[in-house]
K.L.:
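Before I ask anything, here is the structure I am working with.
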Protein chains: 2
Amino acid sequence: MSSSTADIDILRKNGLHVTDSRRVILNLFLKYDGALAHADIEKYSSSLYDRVTVYRTLQTFLEKGIVHLVPTVDNATLYALCKHNCIEGHHYDNHVHFICSHCNKTSCLDDIDVPEVKLPRGFRPLHAAMIISGICKMCKSSN
Amino acid sequence: MSSSTADIDILRKNGLHVTDSRRVILNLFLKYDGALAHADIEKYSSSLYDRVTVYRTLQTFLEKGIVHLVPTVDNATLYALCKHNCIEGHHYDNHVHFICSHCNKTSCLDDIDVPEVKLPRGFRPLHAAMIISGICKMCKSSN
DNA sequence: TACTAATTTGCAATAATGTTGCAAAAAAAA
DNA sequence: TTTTTTTTGCAACATTATTGCAAATTAGTA
Ligand SMILES: [Mn+2]
Ligand SMILES: [Mn+2]
Ligand SMILES: [Zn+2]
Ligand SMILES: [Zn+2]
């Protein structure tokens, strides 16, 4: 059985050294289709790595444009894979984020752009984020 | 000179005991037109009250519907006065929030509703939040 | 006003989350 | 294999927030 090297490719493409922790954490994102918190990563990676290593790995992924921060309403720090053409120093994350109040999963709706809004006179917008909560596809269909 | 009792009225109307800290903190919100963080309150109230008292006061105001939490992109906890008909246990805060990247002030755009968005099949929306960053009215006009 | 009951406050302890410096370990290059 | 560079783990520290409890304050009643 040949194991995939998609993770290695992504690390190499971004000029990062290939290390155990980076591979494991990146694979969590590749396998789980949704946003992950630091605590999730500690849990799913069986506490193999030091907290600080996890923080630093996420920070590195952020800087390289491998993941982006997900806006939240409850002050949690969430990370999700960038699926567009984010590069070092600049993210292109203007999609809507959805959080399910049933399963608590936060998803990137990568194909739904944040809509334009007409602001009061004098306000100049530069960036917009949108968070929609409700019941997700999976939870709705499993009823 | 007769000092206003708007703050006392609000506290009474919400069935809260009238105390020094509650009056001072509520007046900060009434005078400052924007969102405040816990640290702002400690600063502007001249550190008169214990941190814990400030936390508990904000929590009480939240529960009564006197203030609402403001969504942020940088995981800061911000509070702003409810200007609509929020009541104990239920907020009606579906307006857009604007954060100025110049003066850093966060404003409630109370008259701008969060727009509807067409979601992928299967997602059922219950609530939506929107945060727009850019240059605010004051900063733009003072150039 | 004085008294009483209920609520609120301040303090100390504790928790959760995140950051920094530095030596040891690991990865990449030579 | 050896050397150089990067990454990791650990300890210490910082910030933000929560809890229990006794003292102080508020509101209602006599
Ligand atoms: Mn996203
Ligand atoms: Mn608001
Ligand atoms: Zn769900
Ligand atoms: Zn401004």
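Quick caveat, the model's predicted, so the values are computed rather than measured. Side chains are part of it too, since the values below use all heavy atoms of this structure and drop only hydrogens, waters and symmetry mates. Below, read A as the first sequence line, B as the second, and so on, with proteins coming before strands; counting in each chain starts at 1.
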K.L.:
Is there a donor N/O on one and an acceptor N/O on the other, under 3.5 Å, for the side chain of A/Arg51 and the base of C/dG18?
P.N.:
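Yes, the side chain and the base share a sub-3.5 Å donor-acceptor pair.
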K.L.:
With 3.5 Å as the limit, what N/O pairs link the protein to nucleotides 27-30 of chain C?
P.N.:
| from | atom 1 | to | atom 2 | distance (Å) |
| --- | --- | --- | --- | --- |
| C/dA28 | OP1 | A/Val18 | N | 2.9 |

K.L.:
Just wondering, are more than 12 heavy atoms of other shown residues or ligands nearer than 6.0 Å to NZ in B/Lys137?
P.N.:
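No, because the 6.0 Å sphere around NZ of B/Lys137 holds 12 heavy atoms or fewer from other groups.
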K.L.:
Find the bend of the helix from C/dT1-D/dA30 to C/dA30-D/dT1 as the angle between its two terminal axes (five pairs each), to the nearest 10°.
P.N.:
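For the helix from C/dT1-D/dA30 to C/dA30-D/dT1, the axes at opposite ends meet at about 30°.
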K.L.:
Tell me whether the rings of B/His97 and B/His68 are parallel (<30°), tilted (30 to 60°) or perpendicular (>60°).
P.N.:
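Correct class here is tilted.
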K.L.:
Starting from P on C/dT17, measure out to CG on A/Leu69 and report it in whole angstrom.
P.N.:
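Going from CG in A/Leu69 over to P in C/dT17 covers 16 Å.
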K.L.:
Just how far, in rounded Å, is P of D/dT8 from CD1 of A/Ile41?
P.N.:
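For the pair A/Ile41 CD1 and D/dT8 P, the rounded distance is 13 Å.
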K.L.:
Using side chain to side chain contact (heavy atoms under 4.5 Å, CB included), reason through B/His38 and B/Arg51 one step at a time and then give a plain yes or no.
P.N.:
CA-CA 8 Å; B/His38 178 275; B/Arg51 297 170 43 70; 3.5 Å; yes
K.L.:
Heavy atom of residues 53-61 of chain A under 4.0 Å from DNA chain D: which residues?
P.N.:
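A/Thr53, A/Arg56, in order of number.
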K.L.:
Rounded to the nearest 0.5 Å, how far does CG of B/Leu30 lie from CD1 of B/Ile25?
P.N.:
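B/Ile25 CD1 to B/Leu30 CG: 12.0 Å, rounded to 0.5 Å.
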K.L.:
Does the side chain of A/Pro120 come within less than 4.5 Å of B/Asp111's, by heavy atoms?
P.N.:
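Not touching, per the 4.5 Å side-chain cut-off.
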K.L.:
On a heavy-atom basis, which atom in B/Ser101 and which in B/Ile135 lie closest, and how many Å separate them?
P.N.:
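What the structure gives for the nearest pair is OG-CD1, 4.3 Å.
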K.L.:
Could you give the NZ-to-C1' distance, from A/Lys64 to D/dT6, as a whole number of Å?
P.N.:
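Atom-to-atom, A/Lys64 to D/dT6, this comes out as 12 Å.
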K.L.:
For A/Asn14 and D/dT6, what is the distance between atoms CG and C1' respectively, to the nearest whole Å?
P.N.:
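Distance check: A/Asn14 CG to D/dT6 C1' gives 16 Å.
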K.L.:
Nearest whole Å is fine: how far is C/dT8 P from B/Leu48 CG?
P.N.:
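It is 20 Å, rounded to the nearest whole Å.
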K.L.:
State whether A/Tyr32 and A/Lys105 meet the cation-pi test: NZ (Lys) or CZ (Arg) under 6.0 Å from the six-membered ring centroid, and within 45° of the perpendicular axis.
P.N.:
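Yes; both conditions hold, so A/Lys105 lies above the ring face of A/Tyr32.
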K.L.:
B/Arg23 CZ to C/dT9 C1': how many Å, rounded?
P.N.:
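Distance, rounded to whole Å: 17 Å.
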K.L.:
Salt bridge or not between B/Asp33 and B/Lys83? Use side-chain N to carboxylate O under 4.0 Å.
P.N.:
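Yes, this pair counts.
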K.L.:
What pair of heavy atoms forms the shortest contact from A/Cys136 to A/Cys100, and how long is it?
P.N.:
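Answer, listing the atom of A/Cys136 first, then A/Cys100: N-SG, 3.5 Å.
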K.L.:
Name each donor-acceptor pair under 3.5 Å that joins a side chain in residues 6-14 of chain A to protein atoms two or more places apart or in another chain, with its distance.
P.N.:
| from | atom 1 | to | atom 2 | distance (Å) |
| --- | --- | --- | --- | --- |
| A/Asp7 | OD1 | A/Arg23 | NH2 | 3.4 |
| A/Asp7 | OD2 | A/Arg23 | NE | 2.6 |
| A/Asp7 | OD2 | A/Arg23 | NH2 | 3.2 |
| A/Asp7 | OD2 | A/Asn27 | ND2 | 2.8 |
| A/Asn14 | ND2 | A/Ile10 | O | 2.8 |

K.L.:
Taking all atoms of both residues into account, what is the closest heavy-atom pair of B/Thr57 and B/Arg22, and its distance?
P.N.:
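Taking B/Thr57 first and B/Arg22 second, the nearest heavy atoms are CG2-CG, 3.9 Å.
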K.L.:
In whole angstrom, give the distance that lies between atom CD of A/Glu63 and atom P of D/dT6.
P.N.:
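To the nearest whole Å, that distance equals 14 Å.
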K.L.:
Just list the side-chain donor-acceptor pairs under 3.5 Å for residues 75-82 of chain A, sequence neighbours left out, or say none.
P.N.:
| from | atom 1 | to | atom 2 | distance (Å) |
| --- | --- | --- | --- | --- |
| A/Asn75 | ND2 | B/Thr77 | OG1 | 2.7 |
| A/Thr77 | OG1 | B/Asn75 | ND2 | 2.8 |

K.L.:
Would B/Lys118 and B/Phe123 count as a cation-pi pair here, with the cationic atom under 6.0 angstrom from the ring centre and within 45° of the axis?
P.N.:
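Not flagged: B/Lys118 not positioned over aromatic ring of B/Phe123.
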K.L.:
What parts of residues 71-81 of chain A reach DNA chain C, counting only heavy atoms under 4.0 Å away?
P.N.:
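When residues 71-81 of chain A is checked for heavy atoms under 4.0 Å from DNA chain C, the hits, listed by number, are A/Thr77.
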K.L.:
Rounding to an integer number of Å, can you tell me how far B/Asp50 CG sits from D/dT25 P?
P.N.:
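In whole Å, D/dT25 P lies 14 Å from B/Asp50 CG.
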K.L.:
For the CG atom of B/Asn104 and the OG1 atom of B/Thr106, what is their distance to the nearest 0.5 Å?
P.N.:
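Going from CG on B/Asn104 over to OG1 on B/Thr106, the span is 7.0 Å.
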K.L.:
Strictly below 4.0 Å: does B/Ser21 bring a side-chain N or O up to OP1 or OP2 of C/dT8?
P.N.:
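Checking C/dT8 against B/Ser21, no side-chain N or O comes under 4.0 Å of OP1 or OP2.
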